[in-house]
Structures are given as C-alpha cells and as structure tokens.
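Keep in mind it's a predicted model, so treat the numbers as computed, not measured. Below, all heavy atoms of this structure are taken into account, side chains as well, without hydrogens, waters or symmetry copies.
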Amino acid sequence: MRRARRGDGDAAADLFRRYWRDAWRAAFAITGRRALADDVAADGFERAFAALDRFDERRPFAPWLHRIVANRALDVLRAERRLSGDEPPDVPDLVPEHGSGDRSLLSAVADLPLERRVVVVLRFGVGMTPKEIAKTLDLPVGTVNSRLARGLEQLRDVLEVEHVD
Amino acid sequence: MSTELERRLEGLFAELPEPGPEVGDRALVAAVAAIRPVAPVRRGFRSAVVALAAALVLLAIAAGSLAAAGALHVHFGAAKHSAGEVKTLQLPNGAAGIAVVVDGRLSVVTRSGFRLQGLPVTTAALSPHALYVAAGIGDLLVAMRPDGHRAWVRLAGGTVVAIAWAPFGNRIAYIVHAGKRFVLHVIWGNGTNDRVIDRSVRAVRPSWRADSLAFAYVGGGGRAVVYDIFHETRSVVRPAVAGVRQVAFAGAGSHLAVSRQQVPLGLGRLGRVGGRVVAFASDGDYFVFGVRTGTAVRVVAGTRTSRELVLQLPRSASVRAVGIG
C-alpha cells in the first residue's frame with residue numbers, strides 16, 4: 001500500500017489485482033448488469049486510486065473500496081431510475097447466466113427493491129457487518145438492520161411460494 | 001429458515017460470474033494512471049498553501065458581500081436559465097427529428113410525435129433517422145428511445161462534452177472531460193463494448209466517415225487524426241496542421257475537411273447565414289445550425305433547396321449542440 005501511494009506502478013497493479021474481482025462482483029450483484037458492473041468497478045478503482053494520497057493506510061483497503069463501489073453503483077441506478085420514471089430497471093444479465101445455480105434465489109434477489117438489494121449484497125456477497133454497511137451507505141445501523149430483515153423476509157416469502165407451487 | 005436462507009445467499013454470491021479479463025486490463029491502466037503520488041510536503045510549502053487557502057476564503061467572502069450589495073454578480077458553478085425559451089422548437093419538413101441544446105437543456109422533437117423538453121444535459125446527438133438520442137447527463141452517457149424511455153446508460157467517468165453517431169447508427173464516438181484531460185471513447189450503438197481510443201484529445205465533436213468504418217477527431221496536439229475502426233489504427237491527417245478546431249467528413253465518399261476556424265464546416269454551400277454560426281450538424285440531406293444575429297439566436301434547419309426557422313431565442317441564449325435526423 002505504501003509503495004502504491006508513492007506511485008509505484010507494480011505495487012498499485014498488485015493492489016488492483018488483489019481487490020478487482022471482489023469489487024467487480026459487488027458491483028455486478030448490485031447493478032445486475034455486466035456492462036454497468038464494468039463501469040462502476042473501474043470507476044470505483046479509479047476514484048480510490050486517485051484518493052490514495054488521502055487514504056489512512058493503517059485502515060483496511062477493502063471496506064473503503066467497497067464503500068466507493070457501492071455508492072457509485074447506487075448513484076448510477078438512482079440516476080437511471082430518475083430518467084426512466086416508473087419503467088422497471090433492466091436486469092438482463094443477472095439471472096440468465098445462472099441457469100445451473102440457485103436460480104430462483106438469484107431471481108428473487110434481482111427483484112428486491114434497490115435499497116434492500118444493496119444491503120443484502122453487502123451483507124452476504126461482500127461479507128460486511130451491519131455496522132460496516134451503515135458506514136458505507138451513510139445510514140443508521142437500525143435502518144440497515146431493518147432493510148436487511150425486510151429483504152430477507154421478502155426473499156423468504158418468494159421462496160416459500162415457489163416451494164408450495 | 002433464516003439461517004438456511006443466509007447460507008444459500010452466501011453460496012449464491014460465491015457463484016457470481018467473473019469479470020472479463022479485458023475489462024480488468026483496461027480498468028487497471030486507468031486506475032494506476034489516476035494515482036497522485038504522495039510527496040513529502042515541506043513546512044514552508046505547507047504554510048504557503050494554508051496562506052493561499054485563507055486568502056481564497058477571504059476573497060470568496062468579500063465577493064459574496066459585494067454580490068449581496070448588488071455591486072458584483074458572482075456565479076459559483078453553472079448559471080441557471082429558464083427552459084421555457086426552447087418551447088417553440090419545430091420539426092422541419094421531411095426530417096425525422098431535431099434536437100437542440102439551449103442553455104444546457106435538451107429539447108427534442110421527432111416525427112413520431114415524441115417531444116422532450118428541458119432535460120439538463122451537457123451535450124446530445126440524434127442517431128441517424130432520429131431513432132435514438134444520446135446525451136451526457138452528469139457523468140452518464142444515456143441513450144433514449146423516441147418514446148422517451150431510456151435505452152441504456154453507461155457511466156462515462158466524467159462529463160460528456162461531445163457525441164457523434166456513426167451514419168449507420170452502429171457506433172458512437174464520444175468525448176469525456178475526465179480530470180484535466182479529454183478522453184475519446186467509442187461504444188457500440190447498443191451501449192456495449194465501450195473502448196478508450198485516445199486519452200488526450202481536444203473537445204471537438206468527432207466526425208464519422210460515410211461508411212461508418214472511420215472517424216476524424218482532433219488529437220491532444222491540435223492535429224486532425226483519423227481512427228480506423230476496422231484496422232484499429234490512428235493516422236494524423238497530412239499535411240499535419242496544428243490548431244485544428246473543426247473536422248468534417250463529407251456526407252458521401254471519404255473527403256475530409258479540416259479547419260482552424262471555429263466556423264462549422266460544410267456550411268459554405270448554404271450561402272449567407274446573416275450572423276455568427278454557433279452550432280452546426282448535418283445528417284444525410286438535412287442540416288441544422290444555430291446562428292447568433294444582432295438581436296436573436298435563430299435555429300435554422302433544412303436541405304440544400306429549402307430552409308426554415310425552427311426556433312428563435314433571445315440573443316443571450318447559448319446553443320451548444322444541435323442535431324437532425
């Protein structure tokens with residue numbers, strides 16, 4: 001990290017390679033689209049690296065990076081929602097690529113409202129604690145817990161209905 | 001159930017797809033280039049920076065006071081204007097659509113009856129036959145269908161300052177103001193396969209060759225450059241004239257016009273316009289331009305044989321981009 005902050009290209013590349021995959025997958029899980037995940041993760045890294053001079057190197061890099069990526073993903077999705085009004089957002093990539101996996105669950109996650117989907121992704125996809133999510137999204141911990149609980153409840157309802165069917 | 005669900009969720013996210021390798025390579029280059037190396041800060045320099053910051057704060061306070069007293073008009077950021085001045089935009093005879101950006105707001109009218117008005121944008125361009133309109137909104141590149149619905153959105157990584165659709169509509173060249181640089185991208189018309197073509201260009205609208213396989217732009221050194229999509233090659237236009245401000249491929253064939261003047265190319269054939277041209281675009285047989293006269297800004301559209309006034313604005317209006325299809 002110290003070498004990367006001084007502008008050492010090799011060290012920066014190592015740092016990138018260590019965290020790129022997780023950052024991209026977090027972006028993909030939130031946006032549901034490969035093209036947007038490409039943009040969001042790349043932009044997140046660019047912003048993070050541009051701000052390395054202000055980063056406190058005693059702190060872990062991953063939560064800081066995920067915070068930037070998650071917020072960029074939210075910015076883009078909210079902007080898209082403003083533009084499209086009531087039109088449902090496109091989620092073309094998330095489900096079809098997972099024909100062999102837990103398709104019903106993936107489909108249910110993709111259908112969660114954005115605010116709930118983000119906390120579910122950060123909790124179970126990125127492995128953040130509710131406190132870390134609260135800090136990342138600049139929300140009270142109680143709000144995070146509530147969105148998490150409602151998100152899980154909604155997923156459970158969907159899966160139970162499918163089970164009955 | 002909850003524990004089982006949580007286990008399934010963790011398993012689910014562990015199986016998410018991997019990013020494409022080429023995406024990672026591009027992101028790596030961009031990220032490393034963004035690093036501002038930390039340099040030791042000397043005490044004297046730091047003091048000077050603090051003093052300068054303090055001086056700027058005092059200046060801002062003084063300016064604010066003067067502004068409050070009516071002695072000075074201060075704008076922080078973009079000035080706000082009413083969008084009401086563009087409400088008379090008319091579709092010219094025979095055209096499929098027309099788009100105008102006035103004072104940072106986009107108005108579009110298409111033959112299908114679609115009318116968009118007052119959307120804040122940085123720039124915009126109609127696709128051939130006005131099937132789509134692409135616009136820079138914040139740091140997004142957005143394509144909308146004529147029914148007003150979004151077709152796709154891409155994060156541009158900066159402000160989009162120029163957009164040019166290929167004549168076949170299959171690609172878009174666009175320029176992003178990223179940090180201190182203007183970066184040229186090409187993206188497919190469906191919003192996929194975005195690629196950086198040149199990381200240092202001038203903020204001049206690129207111009208596509210009629211076959212949609214190449215386009216011209218102005219490189220960072222102020223020289224006209226042609227990028228060949230098929231061979232992925234760049235070549236400086238000879239003779240290599242510096243200070244180029246406009247490039248325009250002919251509507252048919254492969255002749256390229258290059259100008260060091262701000263006057264939009266291709267206008268000569270239209271004869272006298274009666275003022276200073278502030279924006280110009282053409283598509284096939286149609287053209288549209290904004291012209292500032294002594295009393296107004298007029299947006300005129302038409303063909304070689306006819307012209308019509310489609311919008312009239314106060315002289316203070318700023319017409320940044322126009323498009324016709």
Side-chain angles (χ1 to χ4, degrees), chain A residues 2 4-9 12-13 15-17 20-21 23-25 27-29 34-43 45-53 72 75-76 79-80 83-85 87 90 93-94 97-98 101-102 105-106 109 120-121 123-127 152 155-156 159-160, chain B residues 1-2 4-20 22-41 119 135 137-142 144 147-158 178-179 187-188 190-194 196:
Chain A
R2 194 165 298 154
R5 291 183 71 206
R6 284 198 220 108
D8 182 329
L15 194 64
F16 177 91
R17 291 192 191 98
W20 165 250
R21 178 177 174 270
W24 186 91
R25 284 157 60 107
F28 178 74
R34 272 192 168 273
L36 271 189
D38 292 349
D39 289 351
V40 165
D43 186 71
F45 255 103
E46 231 176 286
R47 283 164 185 260
F49 274 23
L52 271 184
D53 55 341
R72 290 305 290 153
D75 285 348
V76 173
E80 196 178 40
L83 285 169
S84 55
E87 190 185 12
D90 303 329
D93 301 335
L94 196 57
E97 287 195 19
H98 285 72
D102 199 340
L105 180 56
L106 199 51
V109 170
V120 167
V121 167
R123 178 75 187 93
F124 299 104
V126 179
L152 289 174
L155 291 176
R156 209 177 299 128
L159 296 176
E160 275 173 6
Chain B
M1 182 66 186
S2 175
E4 186 202 333
L5 175 60
E6 290 175 12
R7 268 202 304 273
R8 281 178 69 183
L9 279 168
E10 283 163 359
L12 177 78
F13 288 122
E15 290 177 8
L16 282 176
E18 301 290 329
E22 72 294 343
V23 176
D25 292 345
R26 284 201 302 271
L28 170 62
V29 171
V32 171
I35 294 177
R36 290 189 286 259
V38 179
V41 180
L119 183 69
I137 300 174
D139 59 357
L140 302 175
L141 176 66
V142 181
M144 286 169 282
D147 60 6
H149 286 165
R150 161 189 47 78
W152 49 261
V153 174
R154 292 294 302 245
L155 193 61
I187 190 170
W188 286 8
N190 64 1
T192 64
N193 291 285
D194 186 70
V196 172

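Of the listed residues A:Ala51, A:Ala50, A:Ala42, A:Gly127, the one with more heavy-atom pairs under 4.5 angstrom with chain B than any other is A:Ala50. The choice from B:Asp139, B:Thr192, B:Leu28 that makes the most heavy-atom pairs within less than 4.5 Å of chain A is B:Leu28.
In this structure the side chain of A:Leu155 reaches within 4.5 angstrom of the side chain of B:Leu5, judged on heavy atoms. Considering only heavy atoms from C-beta on, B:Trp152 comes within 4.5 Å of B:Leu141 through its side chain.
Only the side chain of A:Arg72 comes within contact range of chain B, with heavy atoms under 4.5 Å apart. For B:Asp194, no part lies near chain A; criterion is any non-hydrogen pair under 4.5 Å. Contact of A:Val126 with chain B is not made at all, since no heavy-atom distance falls under 4.5 Å.
A salt bridge between A:Asp38 and A:Arg34 is absent, with no side-chain N of the basic residue lying under 4.0 Å from a carboxylate O of the acidic one.
Here the closest non-hydrogen pair linking B:Gly157 and A:Asp43 is CA-OD1, 3.9 Å. Smallest separation of non-hydrogen atoms from B:Leu9 and A:Phe124: CD1-CD1, 3.6 Å.
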